[in-house]
Amino acid sequence: RDIESSTVVFIDGAVGTVTTDADEAEAHKAVADYKVRAEKVAQWTGPAQTKDGHAIQVLANVADGNAARLAAQSQAEGIGLYRTELSFLSASSEPSVDEQAKIYGKVFEAFPDSKVVVRTLDAGSDKPISYATLDDEENPALGVRGLRIARDNESLLTRQLDAIAQAAAQRNEKAQTWVMAPMVATSTEAQWFAELCRERGLVPGAMVEVPAAALMADTIMPHLDFVSIGTNDLTQYTMAADRLSPQLAYLTDPWQPAVLRLIQHTCIGGADNNVPVGVCGEAAADPILACVLVGLGVNSLSAASTAIAGVGAQLAEVTLEQCQEMAEAAIMAPGAPEAREAVRALLDGYAF
Ligand code: PEP
Ligand code: MG
């Protein structure tokens, strides 16, 4: 509304800027540079590693068998987040163990030999499920959601774990099936979940998406075989800002240094306990933020399969040491825009 009709504007979709007085030559150069980068993304074949050979596992986020089949056509090395609850959003009653095993099996079939990380039901809040979610909570984002539902309904969780184990039993021997709980906040919850998984021969992990879990990483890690940071919720809860609110998007920005510091703290807890730390929130889909995450010590990234080549191609342009410098610049910045700008300045011509 503020720009007059017929004004020539330069829009940089990657940075999120609209410039009305852009220098024409600079704008043409930016477009030409973009084409070079797009070509590199198109040519990237994986597996992901930095310029100096530091490997980062890049995995796909999926919702069902169809999405898993699409992901199998990308360079994803496996699935880093299978959001099981998305299959049940319209179910009016809980599917039987056999029915669930069939649904999970469709995802496993798309990656017969690879790692698949299955997340147990993350019902509640923005993903209400009729047979699992409490009605009429005043504050559902802070309510009985995710793993919390199973405190009063453990058999709902154990039936799901039985179904996952049943489907996993059909997989090739070398295929890894990892299972993680959403919304873990305490080490007691982590221990409880891990025991239920181990009883069924499943590899247990937890999402780190509640700030308490990040802060208590040293006490949570010893119970688990892996963790995966959910930056969408970790940002929402760290910044006390609803992830669905467009007005608060400036706060629910994973470039917030407060969020990055919690990720760093989690990575330190992971490294101290030999527990791999992944990121499966939207942050992992941002190629430049992916460099920061690697610099903070993250071992794997999981994103929508369409984002994987962009992330992989960007990582190939930088060394681990550069990633560490970017991470340091980002966590020392006073805010999210400053963090983004400081890291872009360090990347200079290498930003995708
Ligand atoms: C997250 O919170 O970052 C996450 C990956 O889980 P979801 O977006 O499904 O809540
Ligand atoms: Mg989440």
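Fair warning: this is a prediction, and the values are worked out from it, not measured in the lab. Indexing begins at 1, ligand by ligand and atom by atom, following the structure's order.
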TODO: Pull up every protein N/O/S atom sitting under 2.8 Å from the Mg ion (ligand 2), skipping waters.
DONE: E209 OE1, D233 OD2
Task: Check ion pair D122-R83 (N to O, under 4.0 angstrom) - done: no
TODO: Check each heavy atom of L234 against ligand 1 and say whether those closer than 4.0 Å belong to the side chain, the backbone, both or neither.
DONE: neither
Open item on the list: Residue-level breakdown please: for I229 versus ligand 1, do any non-hydrogen atoms fall below 4.0 Å on the side chain, on the backbone, on both, or on neither?
Closed with: neither
Task: Contact check: T231 vs ligand 1, nitrogen or oxygen atoms, below 3.5 angstrom - done: yes
Open item on the list: Just to be sure I read this right, does ligand 1 sit under 4.0 Å from the backbone of R119, its side chain, both, or neither, counting only heavy atoms?
Closed with: side chain
Open item on the list: Assess whether a salt bridge exists between D98 and K102, defined as any Lys/Arg side-chain N lying under 4.0 Å from an Asp/Glu carboxylate O.
Closed with: no
Open item on the list: Any salt bridge linking R145 with D233? Criterion: basic side-chain nitrogen under 4.0 Å from a carboxylate oxygen.
Closed with: yes
Open item on the list: Please enumerate all residues that pass side chain to side chain contact (heavy atoms under 4.5 Å, CB included) together with V97, with sequence neighbours excluded.
Closed with: R159, D162, A163, Q166
Task: Protein residue, atom and distance nearest to atom 3 (O) of ligand 1, heavy-atom basis - done: N232 N, 2.7 Å
Open item on the list: Counting only nitrogen or oxygen atoms and a 3.5 angstrom limit, does E85 reach ligand 1?
Closed with: no
TODO: Quick one: look at R243 and ligand 1, take heavy-atom pairs under 4.0 Å, and tell me if it's side chain, backbone, both or neither.
DONE: side chain
Task: Heavy-atom nearest option to atom 5 (C) of ligand 1, drawn from E209, E282, R83 - done: R83
